[in-house]
Q: 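Next up is a structure, given as structure tokens.
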Amino acid sequence: MCYLKNNEIDDFIEFNKKMYPLRSGLEESILFKLHHPYISKTDDIFYPIMVAKDKNERIIGQYQRIPCKYYINGELFNAFWGMDYIVEEASRGTTAGVFLAQQALKDNQFGMGLSPIAFKLHLLIGGKHIGDYYKYIRFKSLPNLLGFAISLIIKHPFLSNNKNDCYPNIINIGDISFKKKNNPSDINWEFENNNYIEFSRDKEFLSWRFGSYPKIFTTYTYGDESGTKAYFIIRNVIWKGLPFLLLVDYKYRGDTLQPLLKAVSKILKKSHNYGIITLSSFSDVDRALKHNRYIKFGFSGQIVTNVKTNLSKQQIKQRKSIFVTFADSDADFFYGNKQWYEL
């Protein structure tokens, strides 16, 4: 096991293309991760991305990790998100995969969207299952729902104009106004003293995660002089051959979650999309989504960590242990049509 070196990036990209042949834009996605503002790198080594090699120095496995910052009980900690842990099939009978994971898990980290094998491996070497995320969908109208269902049955999606919508500058929901922002780093999000895990949305993260692709993401915020009270970030995707809106990231304080979801619905109503897709790991969000006619679909995904916490079994069972969105991984970039960022 060793860290990825600067002169191995081309080989690393080729290894990923072999392991994930259906993904488009793999080179772009890897370079995007390597430019993470929290990542430590020297002139030669990219820390913390790990690779396993055979005796001929050929890459046979990897564990990609990106740094993150998380809050719990008002304190800030450093950790990593682990992703794309994989060993080539011919080497899976060796100790390379287990050793790679053991070395990586010496650091504090989280994982989500794991394969069944990776999930079991995390638990085997000391990880803990601290929550699950669910995917939710809401259709714009009954005709959209019926059209989607028919396209699945006949396995031939209806042709739809794949155009960019012009989103309003201001969305009014009662006395709350969500304003469109050109720069995601205009969000001024301060975390509260909560007893569950949340991940940082500092300006460095927001600029990297969303500002790197300003034509892809659209940001709306609600706040005052004291800071941001709620925000959401959306993008378009093609899912099952049809256009959908993806609610990638969202945060809220107090009673602003319902207005936030209503604002997203207003955007959907004026767009060409068939519906909205989002992700939730928190019970309060589950209830709000169901209240706004979202339906849970697909498989749930486990969230694991080796971080030592005081989260109780009841808290985990009640879905009040950890708050994540699509933005806490790179899932939205490959969602639906498996493209990195283009429709």
Q: Tell me, please, whether Tyr134 has Lys296 positioned over its six-membered ring: NZ or CZ under 6.0 Å from the ring centre and within 45 degrees of its axis?
A: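 That pair qualifies as a cation-pi contact.
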Q: Any chance you could measure Ser281, atom OG, to Gln302, atom CD, to the nearest 0.5 Å?
A: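 That separation rounds to 13.5 Å.
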Q: Would you say the side chains of Thr228 and Asn188 form a donor-acceptor pair under 3.5 Å?
A: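 Absent: no donor and acceptor within the cut-off.
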Q: Taking the side chain from Thr325 and the backbone from Val248, do they hold a donor-acceptor pair closer than 3.5 Å?
A: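 A pair under 3.5 Å: yes.
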Q: Does the ring center of Tyr222 lie less than 6.0 Å from the ring center of Tyr231?
A: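 Between Tyr231 and Tyr222, which both carry aromatic rings, the centre distance is not below 6.0 Å.
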Q: Got a donor-acceptor contact below 3.5 angstrom from the Thr256 side chain to the Arg253 backbone?
A: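 Checking the backbone N and O of Arg253 against the side chain of Thr256, a donor-acceptor pair under 3.5 Å is found.
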Q: Which label fits Phe244 and Phe148: parallel for a plane angle under 30°, tilted from 30 to 60°, or perpendicular past 60°?
A: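 Aromatic pair Phe244/Phe148 classed perpendicular.
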Q: Given salt bridge (Lys or Arg N to Asp or Glu O under 4.0 Å), test Lys229 with Asp255 step by step and report yes or no.
A: CA-CA 10 Å; Lys229 303 296 184 184; Asp255 298 327; over 6 Å; no
Q: Might you confirm whether atom CG of Asn310 has over 12 heavy atoms from other residues, nucleotides or ligands at distances under 6.0 Å?
A: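 No.
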Q: Can you name the closest pair of heavy atoms from Phe282 and Ile322 and give their distance?
A: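 For Phe282 and Ile322, the tightest heavy-atom pair comes out as CD1-O, 3.7 Å.
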Q: Same cluster for Ile277 and Leu245 if Ile/Leu/Val/Met/Phe/Trp/Tyr side chains link at under 4.5 Å?
A: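 No, no single cluster joins them.
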Q: Go through Lys290 and Tyr136 one step at a time and tell me if the side-chain contact (heavy atoms from CB on, under 4.5 Å) criterion holds.
A: CA-CA 9 Å; Lys290 292 173 183 176; Tyr136 287 89; 3.8 Å; yes
Q: Is it true that atom NZ of Lys5 has more than 12 heavy atoms of other residues, nucleotides or ligands lying nearer than 6.0 Å?
A: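 Counting neighbours around NZ of Lys5, 12 or fewer heavy atoms of other residues, nucleotides or ligands fall under 6.0 Å, so no.
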Q: For residues Ser141 and Asn144, is any side-chain donor paired with an opposing acceptor at under 3.5 Å?
A: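 Note: Ser141 and Asn144 side chains meet the donor-acceptor criterion.
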Q: Which pair of heavy atoms, one from Ile276 and one from Val264, lies closest together, and at what distance?
A: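 For Ile276 and Val264, the tightest heavy-atom pair comes out as CD1-CG1, 3.7 Å.
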Q: Looking only at heavy atoms, what is the nearest atom pair of Trp189 and Ala230, with distance?
A: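 Heavy atoms only, the tightest pair is CZ3-N, 4.0 Å.
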Q: Find the distance between CD1 (Ile216) and CG (Asn236) and round it off to the nearest 0.5 Å.
A: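 That separation rounds to 8.5 Å.
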Q: Find out whether Asn6 and Ile45 are in side-chain contact, i.e. whether some heavy atom of one side chain is under 4.5 Å from a heavy atom of the other.
A: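 No. Closest side-chain heavy atoms not under 4.5 Å.
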Q: Step through the shown structure and confirm whether more than 12 heavy atoms of other residues, nucleotides or ligands are within 6.0 Å of NZ on Lys69.
A: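 Result for NZ/Lys69: enclosed.
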Q: May I ask whether Leu261 and Leu268 are part of the same hydrophobic cluster, defined by side-chain heavy atoms of I, L, V, M, F, W, Y residues being less than 4.5 angstrom apart, directly or through others?
A: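 Result: yes, single cluster for both.
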Q: Please check if any side-chain donor atom of Asn16 sits under 3.5 Å from a side-chain acceptor atom of Glu27, or the reverse.
A: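 The answer is no; no qualifying pair exists.
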Q: Is there a donor-acceptor pair closer than 3.5 Å between any side-chain N or O of Lys203 and the backbone N or O of Ser185?
A: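 Yes, Lys203 side chain to Ser185 backbone: donor-acceptor pair under 3.5 Å.
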Q: Any luck finding a side-chain donor-acceptor pair between Tyr294 and Asp286 under 3.5 Å?
A: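 No, no side-chain donor-acceptor pair sits under 3.5 Å.
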Q: Could you see if Leu123 belongs to whatever hydrophobic cluster contains Tyr85? Use Ile, Leu, Val, Met, Phe, Trp, Tyr and a side-chain cutoff under 4.5 Å.
A: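 Result: no, two separate clusters.
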Q: Does the side chain of Asn73 pick up a donor-acceptor pair with the side chain of Asn194 at under 3.5 Å?
A: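 Result is no, nothing qualifies.
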Q: Distance only, no hydrogens: is a donor on one side chain within 3.5 Å (strictly under) of an acceptor on the other, for Arg235 and Thr218?
A: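 No, Thr218 and Arg235 have no side-chain donor paired with an acceptor closer than 3.5 Å.
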Q: Are more than 12 heavy atoms from other residues, nucleotides or ligands located less than 6.0 Å from atom NZ of Lys180?
A: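 For Lys180, atom NZ is crowded (more than 12 foreign heavy atoms under 6.0 Å).
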Q: Just one of Ile170, Asp175, Ile176 clears the side chain to side chain contact (heavy atoms under 4.5 Å, CB included) bar with Asn172, so which one?
A: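 One option only clears the test, and that one is Ile170.
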Q: Verify the ring-centre separation between Tyr220 and Tyr167: is it less than 6.0 angstrom?
A: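 When the ring centroids of Tyr167 and Tyr220 are compared, they turn out to be at least 6.0 Å apart.
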Q: Measure centre to centre between the rings of His35 and Trp208, then say whether the value is under 6.0 Å.
A: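 Between His35 and Trp208, the centre distance exceeds or equals 6.0 Å.
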Q: I'd like to know whether Arg209 forms a salt bridge (Lys or Arg N to Asp or Glu O under 4.0 Å) with Asp249, so could you lay out the CA-CA distance, the side-chain angles of the two residues, the decisive distance to 0.1 Å, and finally the verdict.
A: CA-CA 10 Å; Arg209 185 61 172 80; Asp249 199 25; over 6 Å; no
Q: Keeping His129 on the side-chain end and Gly131 on the backbone end, is there a donor-acceptor pair under 3.5 Å?
A: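 A pair under 3.5 Å: yes.
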Q: Heavy atoms only: give me the nearest Ser271-Lys140 pair and the separation to one decimal.
A: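 Here Ser271 and Lys140 meet closest at O-NZ, 2.6 Å.
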Q: If every non-hydrogen atom of Leu279 is compared with every non-hydrogen atom of Val324, which pair is closest and at what distance?
A: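 Smallest heavy-atom distance, with atoms named: CD2-O, 3.6 Å.
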Q: For Asn182, look at atom CG and say whether over 12 heavy atoms of other residues, nucleotides or ligands are found less than 6.0 Å away.
A: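 Result for CG/Asn182: open.
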Q: Establish, yes or no, whether a centroid distance under 6.0 Å links the rings of Phe217 and Phe210.
A: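 For Phe217 and Phe210, the ring centres are under 6.0 Å apart.
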Q: Take Arg201 and Asp328 through the test salt bridge (Lys or Arg N to Asp or Glu O under 4.0 Å) and record every step on the way to the result.
A: CA-CA 10 Å; Arg201 293 297 187 264; Asp328 292 303; 3.1 Å; yes
Q: Does Asp224 reach the main-chain N or O of Ser226 with its side chain, forming a donor-acceptor pair under 3.5 Å?
A: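 A pair under 3.5 Å: yes.
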Q: Following the transitive rule for hydrophobic clusters with a side-chain heavy-atom cut-off under 4.5 Å over Ile, Leu, Val, Met, Phe, Trp and Tyr, establish whether Ile86 and Phe119 coincide in one cluster.
A: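 No.
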Q: Side chains of Ser321 and Ile197: closer than 4.5 Å at any heavy-atom pair?
A: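 When only atoms from C-beta onward are counted, Ile197 and Ser321 do not touch, as no gap falls below 4.5 Å.
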Q: Is the gap between the ring centers of Tyr71 and Tyr196 under 6.0 Å?
A: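 Between Tyr196 and Tyr71, which both carry aromatic rings, the centre distance is not below 6.0 Å.
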Q: Would you mind telling me which of Thr305, Leu311, Val304 makes a side chain to side chain contact (heavy atoms under 4.5 Å, CB included) with Val307?
A: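 Only match with Val307 under side chain to side chain contact (heavy atoms under 4.5 Å, CB included): Thr305.
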Q: Give the intermediate values and the outcome of ring-ring contact (aromatic ring centres under 6.0 Å, His included) for residues Phe323 and Tyr250.
A: CA-CA 10 Å; Phe323 191 109; Tyr250 55 89; 5.7 Å; yes
Q: Please find out if less than 6.0 Å separates the ring center of Phe232 from that of Tyr252.
A: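 No, too far apart.
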Q: Side chains of Met50 and Arg65: does their closest heavy-atom pair fall under 4.5 Å?
A: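 Side-chain contact under 4.5 Å: yes.
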Q: Quick one: do Ile171 and Ile187 end up in the same hydrophobic cluster if we chain Ile, Leu, Val, Met, Phe, Trp and Tyr together by side-chain heavy atoms under 4.5 Å apart?
A: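 No: no chain of side-chain contacts under 4.5 Å links Ile171 to Ile187.
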Q: Centroid-to-centroid, Phe297 to Trp239, below 6.0 Å?
A: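 Aromatic pair counts; centres sit under 6.0 Å.
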Q: For the pair Tyr70 and Glu75, evaluate side-chain hydrogen bond (donor to acceptor under 3.5 Å, both in side chains) and give the outcome as yes or no after the intermediate values.
A: CA-CA 8 Å; Tyr70 71 95; Glu75 292 189 73; over 6 Å; no
Q: Does Asp84 form a side-chain contact (heavy atoms from CB on, under 4.5 Å) with Gln62? I'd like the steps, not just the answer.
A: CA-CA 7 Å; Asp84 291 342; Gln62 69 168 16; 3.4 Å; yes
Q: Would you check, one step at a time, whether the test salt bridge (Lys or Arg N to Asp or Glu O under 4.0 Å) holds for Glu88 with Arg58?
A: CA-CA 11 Å; Glu88 67 174 14; Arg58 184 177 62 88; 2.9 Å; yes
Q: Could you report the tightest heavy-atom contact between His36 and Pro67, atom names first, then the distance?
A: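 Nearest pair, atom of His36 first, then Pro67: NE2-O, 3.2 Å.
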Q: Before giving the answer on side-chain contact (heavy atoms from CB on, under 4.5 Å), spell out for Asn306 and Asn108 the whole-Å C-alpha distance, their side-chain angles and the decisive distance to 0.1 Å.
A: CA-CA 6 Å; Asn306 63 347; Asn108 288 339; 4.2 Å; yes
Q: Run the side-chain contact (heavy atoms from CB on, under 4.5 Å) test on Asn195 and Ile72 for me, step by step, so that the C-alpha distance in whole Å, both residues' side-chain angles and the decisive distance to 0.1 Å come before the verdict.
A: CA-CA 6 Å; Asn195 65 344; Ile72 186 169; 5.7 Å; no
